[in-house]
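Treat the numbers as computed from the prediction; the structure is a model and nothing was measured. Along the sequence shown, residues carry numbers from 1.
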Amino acid sequence: MNTPQDPAPPPQPQPMVIIRRRGPLAALRSSFLTGLVVIVPIAVTGWLIWSVMGWIDGWVLPMVPAEYRPERYIGINLRGIGVVLFLVFTILVGWLAKGLIGRSLLRAGERIVDRMPVIRSIYNGVKQIAETIFAQGESRFDRACLVEYPRRGMWGVGFVSGPAKGEVATITGEKLLAVFLPTTPNPTSGFLLYVPERDVRILDMSVEDAAKLIISAGLVYPGAQPNSDGKSTVSR
């Protein structure tokens, strides 16, 4: 304890604070990366939509007689007309298939196809895939999960298709889940694994977030927001 006669303690040295100022090149780099973060998603999305519309137009419009094509009346080849025609045609076919006459014609056509060995296999396989993907009222790939693959201690992100059915469900004597384990960066290919339910770790993230994580090879994490330097930070 200091008394009035004691000399004052020497002042403590203050820590030096070094302030680094960003140069003009660093500011330009930051602005450039921020611009890329804004432009690239818009450009890629627009390019994909434009390309898909052109592909559908190139597939649909040749089936339309020349005298009924829109450019004959408006004078220009307007992209997207084929998409509109495809949507109208698909809705019309779906409406007819729900009716009694449409169901009868569909069953008659399928009976004819069943008599053709090669065509029957192709048609039934494509039909099963289409019914699985587009079936209304049924959830497909509604949960993302983690499974240990290709060995213990290594985890892969997958999608739960549902419980195992048929022979697969009974041959092992335990409850299995069908898990699709996609590859990176192409999630349309992968492996079908039947994993015991106790070994499947269900994730809270949505299927869309899990797909982003897989496609980006782990660079885009659910809840991450890009900062001014173009890098991703996880918001909590």
Can a donor-acceptor pair be found, under 3.5 Å and without considering hydrogens, that links the side chain of [X] to the backbone of [Y]?
X: Arg201; Y: Arg198; answer: yes
X: Arg103; Y: Lys98; answer: yes
X: Ser30; Y: Ala26; answer: no
X: Thr170; Y: Glu167; answer: yes
X: Glu148; Y: Gly153; answer: yes
X: Asp57; Y: Gly82; answer: yes
X: Thr184; Y: Ile214; answer: yes

Minimal non-hydrogen separation, [X] against [Y], with atom names:
X: Pro182; Y: Pro187; answer: CB-O, 3.5 Å
X: Val179; Y: Cys145; answer: CG1-SG, 3.7 Å
X: Asp114; Y: Arg120; answer: O-NH1, 2.9 Å
X: Ala210; Y: Ala144; answer: CB-CB, 3.6 Å
X: Glu197; Y: Leu177; answer: CG-CD1, 3.9 Å

Reported [atom1]-to-[atom2] distance for the pair [X] and [Y], which is rounded to 0.5 angstrom:
X: Leu105; Y: Leu100; atom1: CG; atom2: CG; value: 9.5 Å
X: Lys165; Y: Tyr194; atom1: NZ; atom2: OH; value: 9.5 Å
X: Met154; Y: Tyr149; atom1: CE; atom2: OH; value: 10.5 Å
X: Ile112; Y: Ile119; atom1: CD1; atom2: CD1; value: 11.5 Å

Linking I/L/V/M/F/W/Y whenever their side-chain heavy atoms sit closer than 4.5 Å, directly or via other members, would [X] and [Y] fall into one cluster?
X: Ile215; Y: Leu48; value: no
X: Ile81; Y: Phe89; value: no
X: Trp95; Y: Ile101; value: no
X: Met63; Y: Val83; value: yes
X: Trp155; Y: Leu213; value: yes

Ion pair Glu110/Lys127, N-O distance below 4.0 Å: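 Yes.
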Please check if the number of heavy atoms outside [X] that lie under 6.0 Å from its [atom1] is greater than 12.
X: Ile202; atom1: CD1; result: yes
X: Asn186; atom1: CG; result: yes
X: Ile39; atom1: CD1; result: no
X: Leu192; atom1: CG; result: yes

Parallel, tilted or perpendicular, as decided by the 30° and 60° cut-offs, for the rings of Phe180 and Phe159: parallel
Among Leu181, Val157, Val160, the one residue meeting side-chain contact (heavy atoms from CB on, under 4.5 Å) with Val147: Leu181
